[in-house]
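Each residue takes its place number in the sequence, starting with 1.
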Amino acid sequence: MDAVIIVLIILVVLVFIALIKTIQVIPQASAAIVERFGRYTRTLNAGLNIVVPFIDTVRNRIDLREQVVPFPPQPVITQDNLVVNIDTVIYYQVTDARAATYEVSSYIQAIEQLTVTTLRNIIGGMDLERTLTSREEINAALRGVLDEATGKWGIRVNRVELKAIEPPTSIQDSMEKQMRADRDKRAAILQAEGVRQSEILQAEGHKQSEILRAEGDAKAAALRAEGEAQAIRTVFESIHAGDPDQKLLSYQYLQMLPKIAEGDANKLWIVPSEIGDALKGLGGALDSFKGHGNSATAPSVPAPQRSPERPPID
């Protein structure tokens, strides 16, 4: 009786184990490789799958999501014989679980080694300056080579990124000195341009002020000359309207002579020839006045007849 119970318990355990091995639950975005007697049979997709227990074997489960793998820095020699360390990051995705299992023993290691060799080939044809400024070109070339090589492995390389490109310390110091010199040069050029622009603006301002001052002086001189002309015209018209005789003009001429001689700079006084005629006319006027003064009764002097009005002279 006890033996029968033990046998039943063993059978229940075996059935339970068989059920566990028969039912395979595959998570989403995953795949499993099934082998029967060591030979590939089929690929289990996500969900509930039934296999033959003790005959079918699930070899491994593969994640079908996109994976990110960083690789350690690799020393690479440039075209100008400088060693640089380059860190790379690979974004890949398994598209065929069977090929990723049977076509390559370790696709991660294969991708890493392929990345290193491809980088050495690409960087070997570039100098340091081009290497530092051509990341997009390096990424595109590296991705093309990797995608072509890993296609038969059931792997698609989506992106390849260069994390860092580190040149030697001596080269970094030289580059920093060169950059500092370039910045100083640009600063000096900008300062010189500023000084030049400032001087140009100052010269333009001085020129404009001189032009405006000259225009103001010209307008003032024109207005002054116009005023003097108007005054002379008014005096001339007044004199002609009053019809003065020669005696009055001679007297006015003699009054203006001292004003002509005024000034400390007038050391030489030139007497015009017309002064003799003026003095003669004034002397005749005085003699006539004295002759009339000695008589008891001075005859009345007829008023000078006014000449007909002359038209104003412009």
Side-chain angles (χ1 to χ4, degrees), residues 1-74 76 86-123 136 138-163:
M1 192 68 181
D2 294 334
V4 174
I5 295 174
I6 294 174
V7 171
L8 290 176
I9 294 174
I10 293 174
L11 289 176
V12 170
V13 171
L14 291 176
V15 170
F16 182 75
I17 294 174
L19 289 175
I20 293 176
K21 288 184 173 295
T22 301
I23 300 174
Q24 297 289 332
V25 179
I26 307 300
Q28 183 66 32
S30 297
I33 301 299
V34 177
E35 293 179 350
R36 179 171 295 177
F37 300 114
R39 185 177 180 179
Y40 171 76
T41 303
R42 59 192 176 115
T43 301
L44 301 181
N45 297 320
L48 182 64
N49 296 273
I50 305 298
V51 296
V52 179
F54 307 107
I55 297 176
D56 293 339
T57 304
V58 177
R59 178 171 178 176
N60 59 350
R61 299 172 185 268
I62 298 176
D63 194 345
L64 300 180
R65 295 174 296 179
E66 186 174 5
Q67 305 292 322
V68 181
V69 179
F71 296 144
Q74 300 294 331
V76 182
I86 300 179
D87 297 350
T88 55
V89 178
I90 303 296
Y91 296 82
Y92 73 93
Q93 186 176 9
V94 177
T95 58
D96 188 353
R98 177 183 176 280
T101 303
Y102 296 104
E103 295 295 334
V104 62
S105 60
S106 177
Y107 54 83
I108 298 296
Q109 186 178 2
I111 291 175
E112 181 180 2
Q113 297 301 319
L114 183 60
T115 301
V116 172
T117 55
T118 306
L119 269 178
R120 289 176 179 173
N121 293 332
I122 296 173
I123 302 300
E136 292 296 332
I138 297 173
N139 292 340
L142 189 60
R143 178 186 173 186
V145 174
L146 290 177
D147 199 10
E148 181 180 0
T150 57
K152 61 181 180 179
W153 299 341
I155 296 172
R156 182 178 67 247
V157 177
N158 297 326
R159 294 182 62 184
V160 180
E161 296 292 339
L162 301 182
K163 290 176 60 179

Looking at every heavy atom in both [X] and [Y], which two are closest together, and how far apart are they?
X: Ala99; Y: Lys152; value: CB-O, 3.9 Å
X: Ala46; Y: Ala29; value: CB-N, 4.5 Å
X: Ile111; Y: Tyr92; value: CD1-CG, 4.4 Å
X: Gly47; Y: Asn49; value: O-ND2, 3.2 Å
X: Ile26; Y: Ala32; value: CD1-CB, 3.7 Å

Going through the distances and angles, do Thr43 and Ile33 end up as a side-chain contact (heavy atoms from CB on, under 4.5 Å)? CA-CA 5 Å; Thr43 301; Ile33 301 299; 3.7 Å; yes
Would Ile90 and Leu146 count as a side-chain contact (heavy atoms from CB on, under 4.5 Å) if you check the C-alpha gap in whole Å, the side-chain angles of each, and the deciding distance to 0.1 Å? CA-CA 10 Å; Ile90 303 296; Leu146 290 177; 3.8 Å; yes
Tell me whether [X] contacts the main-chain N or O of [Y] through its side chain, where contact means a donor paired with an acceptor under 3.5 Å.
X: Ser30; Y: Asp63; value: no
X: Gln24; Y: Thr22; value: no
X: Arg156; Y: Asp147; value: no
X: Thr117; Y: Leu114; value: yes

How many angstroms lie between atom [atom1] of [X] and atom [atom2] of [Y], to the nearest 0.5 angstrom?
X: Glu161; Y: Asn139; atom1: CD; atom2: CG; answer: 5.0 Å
X: Glu66; Y: Arg159; atom1: CD; atom2: CZ; answer: 8.5 Å
X: Thr101; Y: Asn60; atom1: OG1; atom2: CG; answer: 4.5 Å
X: Ile86; Y: Arg120; atom1: CD1; atom2: CZ; answer: 10.5 Å
X: Gln113; Y: Thr118; atom1: CD; atom2: OG1; answer: 10.5 Å
X: Thr88; Y: Glu112; atom1: OG1; atom2: CD; answer: 7.5 Å

Please examine the side chains of [Y] and [X], heavy atoms only from C-beta on, and report whether any two atoms are closer than 4.5 Å.
X: Lys163; Y: Pro73; value: no
X: Tyr107; Y: Thr150; value: no
X: Ile138; Y: Val160; value: no
X: Ile50; Y: Ile23; value: yes
X: Phe71; Y: Thr115; value: yes
X: Asn121; Y: Val145; value: no

Counting only heavy atoms not in Arg42, do more than 12 sit closer than 6.0 Å to its CZ atom? yes
For Asp56 and Arg36, what are the C-alpha separation, side-chain angles and deciding distance, and is it a side-chain contact (heavy atoms from CB on, under 4.5 Å)? CA-CA 5 Å; Asp56 293 339; Arg36 179 171 295 177; 2.5 Å; yes
